[in-house]
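Read the structure below first, then the notes.
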Amino acid sequence: MADTLRSKISRTLALTALLAAVALVVGPLVGGMGLDYGNLLARRDPDWQIFVQLRLPRTLLALLTGAALSVSGALFQALLRDALATPSSLGVSAAASLGAVAAISTSAGETLGFPAVWLFSLLGAAAVVVFIAMLAGANTRFSSFTLLLTGIAVNGICSAAVLLLHSLAGITKSFQITHWLMGGIDAIEYSTLAMLGLIVIPGSLWILLRARSWNVLSYGDEWAAGRGIDTRRLTIEGFVAGALLTGTLTAVTGPIAFVGLIVPHLLRRLVGADHRLLLPASLFGGGAFLVVCDTLSRSVLAPIEVPVGVTTALLGGPFFVWLLWKR
Amino acid sequence: MSRIALDQVSFGYGAAPVLREISARVDEPQLIAIIGPNGAGKSTLIRTVAGLLHPTSGTCSLEGKPLGQLDRRAISRRVAHVPQQVTAPIPFTVEEVVLTGRTPHSHGLFESAEDLRAVDHAIALTHIEAFRHRPFHNLSGGEQQRVLLAAAIAQDAPIFLLDEPGAHLDPENQTELWNLLAQLRDQGRVMLIVTHHLNLAAERADRVWVLQQGRLVADASPNEAMHPERLQPVFRVPFHRHAAADGRIYLTYG
């Protein structure tokens, strides 16, 4: 079986990586404004500039974000034993949103060379991680169930604070807040992309290498502990890893719903529940999915851009329902 | 050296005691039935022996080592605990569930050849080949219990702690289960089994522990333990003891 599993993993990795590669190549070539491929091959502006400075970094950001959200979603579904868990279930996205909304409300500009929205958002996510890790450290009866309930409470508190700030904001800021809360993929500097990659790639790898432990933890703390897993430690570590991926990407893109829920579910039906297959498939499949959604977002109603969160829901939702009913 | 040594073990949730000063030893492979009314502390006792709960006082040792000195992996190599029920919202296959039993012995992403042999052996022993590739959560309660027992067998621990393993089984499967438990005992394992099937316990167990309100009120052979005067105050119903034509004892109550 190990050989079969190895070949299954190789096949899954090859297929999903190919899918991501195709999305990465085709995505930047498609858009509201048609590119002259002759100019592009000859590296002539404006086509070359549009491709290199706008579309390629944007596509790379979509790939990283989709990958991170899908891996976090699969992880949290195992960690919380909740098929409806998403990267935002534990309050990290809500806290990141609160940070971003606070930055917009206070008109904070740039800090340390980065947009204040990103930094405040990252601080919000980090605060939740530290808060929950401290609670877990102080409570000897900490479990994934208490983690889920704490996440729900944090979500509620942060969402209320966002609503408060939103209601106090003027019309311009209110529009900015609404726009940020919709989530969106924009072109960013390559140096920022590299920094995001330095978080997403090792973070995802860490999660992937513990795939067998997530399998065992999916049956509950008691079953996992009875099979030799230090459930408390693994739950905290998994939460921190998932929160790191979610919080970092949310700081840059805003909250993007649905990806972390539907991609793992769809892939589970294709490759099975074993996290050794599901997580690598989610990494590449989730990346490809968000690239496709972002490409559609900026192409279908061009020159108007549809928020990518709307596209993920409109595209993924009906397909997901169809898949469930087909079963 | 005792396989299991309980020395004045107490446990409680907050101020409410669940186990009270339990002392017992198991020195040889035996099939021990733990009986008692609901809430007597039977499941809590085996969860404490499995190291899943920490005694509020007293010590529990496995093969001479106090549980506090063993990490989770070391405990899981010594004891295989099977709860009454396991639920997973994620659709794992039966084979994947059985594979979880190998966790205390494996490292890395892949199972070893020995892990796979152990899984095949456990699946064959529990007669679950027919649904090996089916989703675990689609099985009946009785089938799920056999799968969990297979995972425990794959875990290859010298001590088994089973919480009502026959609760959902029909008479044929009950008989098969107890035959298998006896077979595992004969291979040198200690089997602690929480059960409400008093007649099966009377017939098949080597020893019976009777729990009442967290206290071990009897630790005796089935013949000694299964007496109406012993069981009546514990279960609070009248018991009658009978002898079958072949000499086996059985109880009726009510």
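So that the names make sense, note that chain A is the first sequence line, chain B the second, and so on, each numbered from 1.
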### Query
With chain A, which of B/Leu52, B/Val86, B/Leu109 has the greatest number of heavy-atom pairs at distances under 4.5 Å?
B/Leu109
## Note on the structure
The reported gap from CG in B/Leu149 to CZ in B/Arg146 (rounded to nearest 0.5 angstrom) is 10.0 Å
### Task
Decide yes or no on salt bridge (Lys or Arg N to Asp or Glu O under 4.0 Å) for B/Arg78 and B/Glu63, but give the supporting numbers first.
CA-CA 8 Å; B/Arg78 288 170 169 80; B/Glu63 294 167 341; 3.3 Å; yes
#### Entry: Option in A/Asp230, A/Asp82, A/Ile229, A/Ile9 with maximal non-hydrogen atom pairs under 4.5 Å from chain B
A/Ile229
### Query
Considering heavy atoms only, which positions within residues 207-221 of chain A lie below 4.5 Å of chain B?
A/Leu208, A/Leu209, A/Ala211, A/Arg212, A/Asn215, A/Val216, A/Ser218, A/Tyr219
#### Entry: Stepwise side chain to side chain contact (heavy atoms under 4.5 Å, CB included) test for B/Arg3 and B/Glu28
CA-CA 7 Å; B/Arg3 301 282 191 95; B/Glu28 56 189 13; over 6 Å; no
#### Entry: Selection from B/Ala50, B/Pro83, B/Ala151 maximising heavy-atom pairs under 4.5 Å formed with chain A
B/Pro83
#### Entry: Sidechain N-carboxylate O distance under 4.0 Å for B/Arg47, A/Glu222
yes
### Task
Work out which heavy atom in A/Val200 is nearest to a heavy atom in A/Leu245; give both atom names and the distance.
CA-CD2, 3.7 Å
### B/Ile34 side chain near B/Thr195 side chain, heavy-atom distance below 4.5 Å
no
### Query
Can you list the steps and then say if A/Leu90 with A/Leu80 is a side chain to side chain contact (heavy atoms under 4.5 Å, CB included)?
CA-CA 10 Å; A/Leu90 296 178; A/Leu80 302 172; 3.8 Å; yes
### Verdict with reasoning, B/Thr126 to B/Val147, per side chain to side chain contact (heavy atoms under 4.5 Å, CB included)
CA-CA 8 Å; B/Thr126 47; B/Val147 175; over 6 Å; no
#### Entry: Structural part of B/Arg77 lying under 4.5 Å from a heavy atom of chain A
neither
### Query
With a cut-off of 6.0 Å (strictly less than), are more than 12 heavy atoms of other residues, nucleotides or ligands near CD of B/Glu129?
yes
### Residue part contacting chain A, namely of B/Val119, when any heavy atom lies under 4.5 Å
neither
### Query
How far apart are the closest heavy atoms of A/Ala67 and A/Leu283, and which atoms are they?
CB-O, 3.0 Å
### Task
Give the member of B/Arg102, B/Arg73, B/His105 that has the highest number of heavy-atom pairs under 4.5 Å with chain A.
B/Arg73
### Summary
Those residues of residues 185-192 of chain B that come under 4.5 Å of chain A on a heavy-atom basis, listed by number, are none
### Task
Just do the side chain to side chain contact (heavy atoms under 4.5 Å, CB included) check on B/Val82 and B/Phe160 with the steps written out, would you?
CA-CA 8 Å; B/Val82 179; B/Phe160 274 44; 5.9 Å; no
### Pick from B/Ala152, B/Gly51, B/Gly101, B/Gly108 with the largest number of heavy-atom pairs that fall under 4.5 Å of chain A
B/Gly108
### Message
Do the side chains of B/Glu111 and A/Arg276 get close enough for a salt bridge, i.e. N-O under 4.0 angstrom?
### Response
yes
### Query
Side chain, backbone, both or neither: which part of B/His107 has an atom under 4.5 Å from a heavy atom of chain A?
backbone
### Message
Need one label for B/Ile75: side chain, backbone, both or neither, based on atoms under 4.5 Å from any heavy atom in chain A.
### Response
neither
### Query
With a 4.5 angstrom heavy-atom cut-off, which part of B/Leu161 approaches chain A: side chain, backbone, both or neither?
neither
### Query
Between A/Arg268 and A/Asp274, is there a side-chain N and carboxylate O pair less than 4.0 Å apart?
no
### Message
Please tell me whether A/Arg227 and B/Gln155 have a donor and an acceptor in their side chains that are separated by less than 3.5 angstrom.
### Response
yes
